[in-house]
Amino acid sequence: MCRHQHDAAVARLRAALVALPQDSPVRLSKPSSNLFRFGGRDRAGGLPTDGLDTVIDIDADARTAEVGGLITYEKLVAATLPHKLMPAVVPQLKTITLGGAVAGLGIESTSFRAGLPHETVLEMDVLTASAGLETVRPGDALFDGMPNSYGTLGYAVRLKISLEPVGRAVEVEHRRFDDPAACFAAMEEIWAAGEVDFLDGVVFGPDEMYLSLGRFSDSHDPTSDYTGQSVYYKSLRHRRRDLLSVHDYLWRWDTDWFWCSAAFGVQNPLVRRVWPKNLRRSDVYRRLVALDRRLGLTRRVDALRGARHEAVIQDVEIPISSAARFLERFCVDVPIRPIWLCPLGLRGEHEWPLYPLRRGEHYVNFGFWATAPLGPGQSPDYHNRLVEDLVDRLGGHKSLYSTVHYDREDFWRRYGGQAYQELKDRYDAQRRLPDLFEKVGTDSETR
Ligand SMILES: Cc1cc2nc3c(=O)[nH]c(=O)nc-3n(C[C@H](O)[C@H](O)[C@H](O)COP(=O)(O)OP(=O)(O)OC[C@H]3O[C@@H](n4cnc5c(N)ncnc54)[C@H](O)[C@@H]3O)c2cc1C
């Protein structure tokens with residue numbers, strides 16, 4: 001469709017990188033982000049990325065899409081749905097980009113059968129620190145090292161991904177459980193039966209949790225709309241069945257940033273009525289959080305009240321055999337609800353050295369995104385460290401989009417230190433791009 005535009009954008013990016021003094025920090029200038037590190041203030045500069053968010057080609061027969069690395073999933077889905085196709089894994093937040101979901105990992109309710117977004121990639125062009133352009137495929141060291149590299153090995157500027165067919169709508173069935181063991185046993189059964197297209201869940205408390213089973217449907221019945229006055233996550237508690245258009249199912253969590261929009265009053269019916277519909281989006285709420293962090297408003301209110309809070313914004317993966325233990329312990333130690341559940345497993349035979357999930361293992365992703373009050377004498381990272389210890393003891397992993405509290409040695413033991421250093425020596429010998437530990441282990445927004 002617009003390959004020449006894409007090529008011109010890549011040429012601009014390469015030229016800017018070549019022109020950048022060797023000792024200047026290298027970062028992409030991106031219009032949006034879903035990282036949860038707000039410490040750095042230096043948002044100026046950055047390499048130009050305009051034109052890297054286009055659809056280059058959709059091959060409906062081969063079920064593939066070729067796109068620029070900075071395309072958002074919102075734009076990608078809008079381009080594939082008219083062909084009755086969707087990317088095999090569509091992360092829930094509209095402004096997550098394909099390149100970001102590969103370099104920073106992503107997940108969704110198809111991940112129990114389709115794996116993670118990087119497993120849907122067939123080929124990509126990576127701009128390396130020396131301004132070289134490498135076309136890499138599964139099995140190439142750079143390709144396999146990109147997931148969880150967070151822009152420290154190079155930038156994915158073009159990707160070719162596989163797509164899958166969709167139905168007219170998605171029929172969702174919500175099943176309630178009142179104890180974690182029963183919930184995860186049912187999850188395993190549903191997984192093994194292989195009869196659903198989508199599977200995720202929400203925990204409201206250790207005695208109230210729901211699994212949501214989604215199936216493509218050709219029904220012409222009316223569909224629900226959760227972009228208006230109703231809020232999707234609340235519907236789980238009172239509806240047993242629901243029908244959503246495929247578009248609305250894919251973005252069901254974006255309108256209210258799962259449930260985090262409550263912090264801005266958007267779920268209050270009076271506020272919701274006047275809050276413009278086009279501003280009920282995860283990127284709007286994230287920008288409000290960034291503004292609050294920059295101005296220190298919540299911090300000042302806390303100080304006036306003599307209170308302290310810790311942001312505990314994390315996604316962790318736990319083997320399903322230990323998922324009930326994780327949830328029970330978490331519910332005792334961390335006063336954060338709801339919690340999102342999403343089953344996942346590696347789809348293929350491939351290994352990904354920087355995020356080494358075990359082949360054949362079934363995992364559950366737990367997502368929790370809120371603040372927890374700190375008691376007297378508790379360190380500012382008390383709950384985060386508690387979660388990191390628990391994840392460790394149960395053989396799990398933690399995503400790196402938010403704060404990280406490991407020391408250097410611990411970090412590299414978990415995230416493929418040796419493979420990473422080999423890739424760094426090969427593709428960034430001058431160390432122009434930041435080191436992964438330095439980048440994610442500090443509270444910095446520099447990307
Ligand atoms: C509250 C919250 C909930 C979340 N929930 C989910 C979820 O449910 N599902 C899910 O999948 N993810 C979720 N995420 C995580 C999100 O997917 C990751 O943070 C992802 O990396 C964001 O991608 P982005 O495109 O916004 O990239 P950014 O946030 O801009 O960047 C992420 C990192 O990737 C690097 N990067 C960006 N683009 C490229 C590129 N083209 N090539 C190489 N490196 C690049 C950047 O340098 C940066 O280090 C959540 C995050 C938050 C804060």
Side-chain angles (χ1 to χ4, degrees), residues 89 91 104-119 144 147-148 175 177 179-194 196 198-203 206 209-213 312-334 336 338-369 383-402 404-406 410-417 419:
V89 186
L105 298 191
I107 186 171
E108 226 300 66
S109 57
T110 54
S111 288
F112 74 101
R113 59 179 176 83
L116 302 182
H118 55 264
E119 292 188 274
D144 297 352
N148 214 34
R175 288 191 195 163
F177 299 88
D179 88 272
C183 175
F184 294 113
M187 188 183 266
E188 273 282 40
E189 271 174 37
I190 296 162
W191 203 327
V196 299
F198 305 92
L199 180 60
D200 69 345
V202 175
V203 177
M209 57 208 75
Y210 299 85
L211 291 182
S212 300
L213 291 63
V312 190
I313 315 253
Q314 304 288 353
D315 275 70
V316 301
E317 273 101 49
I318 304 292
I320 197 165
S321 52
S322 300
R325 276 164 65 206
F326 176 84
L327 186 58
E328 281 157 3
R329 196 67 250 164
F330 183 95
C331 286
V332 171
D333 289 335
V334 186
I336 290 179
I339 301 161
W340 184 55
L341 303 177
C342 186
L344 74 140
L346 288 181
R347 159 162 134 169
E349 294 298 296
H350 228 68
E351 306 233 319
W352 309 93
L354 305 195
Y355 204 76
L357 295 171
R358 288 179 291 278
R359 252 186 294 155
E361 179 94 73
H362 285 180
Y363 293 88
V364 182
N365 180 91
F366 293 82
F368 31 94
W369 315 292
H383 296 94
N384 277 289
R385 285 190 182 275
L386 215 126
V387 169
E388 285 184 355
D389 282 352
L390 188 55
V391 168
D392 244 17
R393 273 189 277 134
L394 298 178
H397 286 90
K398 186 180 112 131
S399 313
L400 299 177
Y401 68 78
S402 181
V404 176
H405 306 265
Y406 301 121
D410 262 359
F411 179 86
W412 284 126
R413 191 163 45 75
R414 290 177 176 80
Y415 298 102

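We're numbering straight along the sequence, starting at 1.
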Where do Val202 and Ile339 land on the side chain to side chain contact (heavy atoms under 4.5 Å, CB included) test, with the steps shown first?
CA-CA 6 Å; Val202 175; Ile339 301 161; over 6 Å; no
Decide side chain to side chain contact (heavy atoms under 4.5 Å, CB included) for Leu386 and Leu390; before the verdict, give the C-alpha distance in whole Å, the side-chain angles of both, and the deciding distance to 0.1 Å.
CA-CA 6 Å; Leu386 215 126; Leu390 188 55; 5.9 Å; no
Check side-chain contact (heavy atoms from CB on, under 4.5 Å) between Pro343 and all other residues, then give those that pass, not counting sequence neighbours.
Phe112, Met187, Trp191, Leu199
Could you list the residues that satisfy side-chain hydrogen bond (donor to acceptor under 3.5 Å, both in side chains) with Asp410, not counting sequence neighbours?
Arg413
Rounded to the nearest 0.5 Å, what separation is found between the OG atom of Ser111 and the CD atom of Glu317?
9.0 Å
For the pair Leu211 and Cys183, evaluate side chain to side chain contact (heavy atoms under 4.5 Å, CB included) and give the outcome as yes or no after the intermediate values.
CA-CA 8 Å; Leu211 291 182; Cys183 175; 3.9 Å; yes
Nearest 0.5 Å, please: how far is CZ in Phe177 from CZ in Arg175?
6.5 Å
side-chain hydrogen bond (donor to acceptor under 3.5 Å, both in side chains) filter on Trp340, not counting sequence neighbours, yields Asp200
Polar side-chain atom of Asn148 near backbone of Leu354 as donor-acceptor pair, under 3.5 Å
yes
Atom CZ in Arg359, atom CG in Leu346: separation rounded to 0.5 Å?
8.5 Å
Once side-chain hydrogen bond (donor to acceptor under 3.5 Å, both in side chains) is applied, do any residues pair with Asp392, and if so which ones, sequence neighbours excluded?
Arg414
Basic-acidic side-chain contact under 4.0 Å: Arg329, Asp333
yes
Gln314 side chain vs Gly367 backbone, donor-acceptor pair below 3.5 Å
no
Donor-acceptor pair, side chain of His397 and main chain of Pro356, under 3.5 angstrom:
yes
Excluding sequence neighbours, so at least two apart, what forms side-chain contact (heavy atoms from CB on, under 4.5 Å) with Ala185?
none
Can you name the residues that form a salt bridge (charged side-chain N to carboxylate O under 4.0 Å, His left out) with Glu108, not counting sequence neighbours?
Arg252
Could you list the residues that satisfy salt bridge (charged side-chain N to carboxylate O under 4.0 Å, His left out) with Arg385, not counting sequence neighbours?
Asp381
State, to 0.1 Å, how close Pro117 and Pro91 come at their nearest heavy-atom pair, and which atoms those are.
CG-CG, 4.2 Å
Could you pull out all residues at least two apart from Pro206 that satisfy side-chain contact (heavy atoms from CB on, under 4.5 Å)?
Cys331, Arg337
Any chance you could lay out the side chain to side chain contact (heavy atoms under 4.5 Å, CB included) test for Tyr415 and Leu400, step after step, and finish with the verdict?
CA-CA 10 Å; Tyr415 298 102; Leu400 299 177; 3.5 Å; yes
Verify ring-ring contact (aromatic ring centres under 6.0 Å, His included) between Phe326 and Phe366, making sure each step is shown before the conclusion.
CA-CA 9 Å; Phe326 176 84; Phe366 293 82; 4.6 Å; yes
List in chain and number order the residues that pass side-chain contact (heavy atoms from CB on, under 4.5 Å) with Ala419, two or more places apart in sequence or in another chain; answer none if no residue qualifies.
Pro353
One should read off an interatomic distance between Ile313 CD1 and Ser402 OG, to the nearest 0.5 angstrom, of 6.0 Å
Run the salt bridge (charged side-chain N to carboxylate O under 4.0 Å, His left out) test against Glu388 and tell me which residues pass, sequence neighbours left out.
Lys398
Which residues share a salt bridge (charged side-chain N to carboxylate O under 4.0 Å, His left out) with Glu361, sequence neighbours left out:
Arg358
Check side-chain hydrogen bond (donor to acceptor under 3.5 Å, both in side chains) between Tyr401 and all other residues, then give those that pass, not counting sequence neighbours.
Asp315, Trp369
Verify side chain to side chain donor-acceptor pair (under 3.5 Å) between Glu188 and His362, making sure each step is shown before the conclusion.
CA-CA 8 Å; Glu188 273 282 40; His362 285 180; 3.0 Å; yes
